[in-house]
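Only this structure's heavy atoms are used, side chains among them; waters, hydrogens and symmetry mates stay out.
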Amino acid sequence: MGLLDAVVGAMGGGGDGQPDLMRLVMALVQQAGGLEGLMAKLQQGGLADAAASWVSTGPNQAVSPAQLEGALGGDLLGNLARQFGMGQGDLAGQLSQMLPQAVDKLSPGGQLPSMGGGQDLGALLGSLLR
């Protein structure tokens with residue numbers, strides 16, 4: 001069992017048939033190569049300003065599901081959609097609502113955290129529930 005699986009289990013995610021948004025975000029972060037990898041994908045996909053607003057201490061800029069699909073690409077979202085048993089458009093819609101808040105919480109003080117030791121990631125993901 002990986003670290004993210006352990007964190008999800010500890011948070012009680014995903015047992016009601018509806019994909020838990022936390023599980024979606026954590027799976028996205030994991031499949032994107034960590035938070036830094038996710039931020040790089042968003043920047044390369046034309047969402048640099050929006051992603052930067054999520055990390056900064058100011059207001060979070062909204063993104064549409066279509067913008068998120070374009071930035072993250074069909075392969076990544078397709079894999080997640082299959083994993084969670086939902087359509088890619090539905091997945092993008094849910095992520096577009098949760099991702100700005102999640103990245104904001106994962107970047108306290110306007111800084112991306114150093115993920116050198118896996119326990120830091122677990123603590124930061126747990127903070128999303130607060």
J.: Got a second to check how far Leu80's CG is from Gln94's CD, nearest 0.5 Å?
T.: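 So the gap between those two atoms works out to 11.5 Å.
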J.: Without swapping roles, check the side chain of Trp54 against the backbone of Gln101 for a donor-acceptor pair under 3.5 Å.
T.: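 Side chain of Trp54 to backbone of Gln101: no pair is present.
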J.: Looking only at heavy atoms, what is the nearest atom pair of Ser64 and Ser96, with distance?
T.: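 Smallest interatomic distance, heavy atoms only, reads C-CB, 4.0 Å.
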J.: From Lys105 NZ over to Met98 CE, what is the distance, rounded to the nearest 0.5 angstrom?
T.: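 Output value for this atom pair is 9.0 Å.
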J.: Tell me, do Leu112 and Leu106 make a side-chain contact under 4.5 Å, heavy atoms counted?
T.: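 In short, these two side chains do not touch, never coming nearer than 4.5 Å.
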J.: Here's a test for you: under side-chain contact (heavy atoms from CB on, under 4.5 Å), which of Leu91, Leu77, Val63 qualifies with Glu69?
T.: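 Option passing the side-chain contact (heavy atoms from CB on, under 4.5 Å) with Glu69: Leu77.
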J.: Is there a side-chain contact between Val55 and Met39 in this structure, where contact means two heavy atoms from C-beta onward sitting under 4.5 Å apart?
T.: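 Sidechains of Met39 and Val55: in contact.
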J.: For Asp90, what residues pass the side-chain contact (heavy atoms from CB on, under 4.5 Å) criterion, not counting sequence neighbours?
T.: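 side-chain contact (heavy atoms from CB on, under 4.5 Å) list for Asp90, sorted by chain: Met86.
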J.: For Gln83, what residues pass the side-chain hydrogen bond (donor to acceptor under 3.5 Å, both in side chains) criterion, not counting sequence neighbours?
T.: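 Checked Gln83 against side-chain hydrogen bond (donor to acceptor under 3.5 Å, both in side chains); matches are Gln31.
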J.: Can you tell if the side chain of Leu38 reaches within under 4.5 Å of the side chain of Leu72, non-hydrogen atoms only?
T.: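 Side chain of Leu38 against side chain of Leu72, heavy atoms only: contact under 4.5 Å found.
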J.: With sequence neighbours excluded, tell me which residues meet side-chain contact (heavy atoms from CB on, under 4.5 Å) with Thr57.
T.: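 Counting only residues at least two positions away or on another chain, Thr57 forms no side-chain contact (heavy atoms from CB on, under 4.5 Å).
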J.: Give a yes or no on whether the backbone of Gly110 and the side-chain of Ser56 come within a donor-acceptor separation of less than 3.5 Å.
T.: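 Absent.
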J.: Using the side-chain contact (heavy atoms from CB on, under 4.5 Å) rule, pick out the option among Leu24, Leu47, Leu68, Asp104 that qualifies with Leu99.
T.: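 Only match with Leu99 under side-chain contact (heavy atoms from CB on, under 4.5 Å): Leu68.
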J.: Taking side-chain contact (heavy atoms from CB on, under 4.5 Å) as the definition, give me every residue that meets it alongside Gln43, ordered by chain and number, with sequence neighbours left out.
T.: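 With neighbours one apart ignored, the set is Ala48.
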J.: Looking at CG of Leu28 and CZ of Arg23, how far apart are the two atoms once the value is rounded to the nearest 0.5 Å?
T.: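 If I round to the nearest 0.5 Å, the distance is 14.0 Å.
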J.: Taking only residues two or more places apart in sequence, or in another chain, which ones meet Asn60 in a side-chain hydrogen bond (donor to acceptor under 3.5 Å, both in side chains)?
T.: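 Counting only residues at least two positions away or on another chain, Asn60 forms no side-chain hydrogen bond (donor to acceptor under 3.5 Å, both in side chains).
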